[in-house]
Amino acid sequence: MRRRALIAAALVAAAVVIFVVGRGTAAEPLRASVAGARYAATVVIARPTTGPITVEVGVTSGDAYTVAVSAVMTGMGHATSELSARATAPGRFVAEGELFLMSGAWEVSLRVNGAAGEETLVVNALVTD
């Protein structure tokens, strides 16, 4: 009986350690603002990780009609296809899909089209998961 209690306690302790360590290594949210000559925007990625993600873009300056999001990992020569963002409100866009192929340093490009023409804004993202 005592042996079973020790094994159960050890398993619970192991589960707690895995939970705590796993939470500590989770990807930190990305929130970055960038300004160009025609537009300014804020990009939010709640969990910058590999696999499907959601990218929220708020165009804070300039009248944007469309936004597309892509990413480049220059150190490895990787690039992703553009994700077209859908407008959710004036100046607010959401893109969904796979943006990061692997962990590491990425450049996230926001291609903004609007009344002032087209401009590409770039922010850096660190993908840790």
Side-chain angles (χ1 to χ4, degrees):
M1 182 65 97
R2 183 177 173 128
R3 184 176 178 185
R4 285 186 185 174
L6 287 173
I7 291 172
L11 289 174
V12 168
V16 168
V17 167
I18 290 170
F19 177 75
V20 170
V21 170
R23 288 189 60 166
T25 60
E28 291 292 321
L30 167 70
R31 181 178 180 85
S33 296
V34 60
R38 299 177 181 159
Y39 304 98
T42 298
V43 61
V44 177
I45 303 174
R47 191 163 189 266
T49 186
T50 57
I53 62 168
T54 299
V55 180
E56 298 176 40
V57 178
V59 178
T60 57
S61 178
D63 187 15
Y65 304 148
T66 63
V67 172
V69 181
S70 61
V72 173
M73 180 184 252
T74 56
M76 297 294 287
H78 295 313
T80 62
S81 299
E82 277 190 341
L83 301 175
S84 295
R86 70 181 186 288
T88 59
R92 299 279 184 208
F93 300 86
V94 173
E96 298 172 323
E98 294 190 33
L99 193 60
F100 306 117
L101 305 174
M102 63 184 292
S103 298
W106 287 85
E107 292 180 355
V108 177
S109 296
L110 311 171
R111 187 170 55 83
V112 181
N113 277 301
E118 181 177 295
E119 183 171 29
T120 300
L121 307 171
V122 178
V123 299
N124 295 316
L126 181 61
V127 177
T128 58
D129 185 317

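Note that this is a predicted model, so its numbers are computed, not measured.
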Query raised in the report: Does a donor on one side chain sit under 3.5 Å from an acceptor on the other, for T80 and S70?
Result: no
Query raised in the report: Hey, any chance V72 and M76 share a hydrophobic cluster, counting ILVMFWY side chains that come within less than 4.5 Å of each other, even indirectly?
Result: no
Report summary line: Between V44 and R31, the two heavy atoms sitting closest are CG2-NH1, 3.2 Å
**Report entry** For the student: nearest non-hydrogen atoms of P48 and P29, plus distance
**Finding:** CD-CA, 4.1 Å
Query - hydrophobic_cluster_shared for Y65 and V69, side chain cutoff 4.5 Å - result: no
Report task. Starting at CD1 of I45, measure out to CD of E28 and round the result to the nearest 0.5 Å. Result -> 13.5 Å
Requested in this report: Grab the two heavy atoms, one from R38 and one from E119, that are nearest each other, plus how far apart they are.
Outcome: N-OE1, 2.8 Å
Query raised in the report: Ignoring hydrogens and geometry, is there a side-chain-to-backbone donor-acceptor pair from Y39 to A116 under 3.5 Å?
Result: yes
Requested in this report: Of all the heavy-atom pairs spanning A125 and L30, show the shortest one and how long it is.
Outcome: CB-CD2, 3.8 Å
Query raised in the report: Under the side-chain contact (heavy atoms from CB on, under 4.5 Å) criterion, do V34 and V43 qualify, and how do the steps go?
Result: CA-CA 8 Å; V34 60; V43 61; over 6 Å; no
Requested in this report: Carefully, step by step, assess T128 and S103 under the rule side-chain contact (heavy atoms from CB on, under 4.5 Å).
Outcome: CA-CA 5 Å; T128 58; S103 298; 5.7 Å; no
Query raised in the report: Hey, what do you get for CZ (R86) to OG1 (T66), rounding to the nearest 0.5 Å?
Result: 15.0 Å
Report task. Determine whether V55 and V123 fall in the same hydrophobic cluster, where Ile, Leu, Val, Met, Phe, Trp and Tyr are linked whenever their side-chain heavy atoms lie under 4.5 Å apart. Result -> yes
Report summary line: Taken to the nearest 0.5 Å, the spacing of H78 NE2 from F100 CZ works out to 13.0 Å
Query raised in the report: Are any side-chain N or O atoms of E107 and backbone N or O atoms of V122, one a donor and one an acceptor, separated by less than 3.5 Å?
Result: no
Requested in this report: Give me the one residue out of L101, N124, L126 that meets side chain to side chain contact (heavy atoms under 4.5 Å, CB included) with W106.
Outcome: L101
Query raised in the report: A41 and L110: which non-hydrogen atoms are nearest, and at how many Å?
Result: CB-CD1, 4.2 Å
Report summary line: Nearest heavy-atom approach of F93 to A85 is CB-CB, 3.7 Å
Requested in this report: Nearest 0.5 Å please: distance from the OG1 atom of T42 over to the CD atom of E56.
Outcome: 11.0 Å
Requested in this report: Kindly compute the distance separating CD (E98) from OG1 (T49), expressed to the nearest 0.5 Å.
Outcome: 10.5 Å
Query - Side-chain touch R47/I53, heavy atoms, less than 4.5 angstrom - result: no
Query raised in the report: Given side chains that start at C-beta, do those of R111 and N113 come closer than 4.5 Å, heavy atoms only?
Result: yes
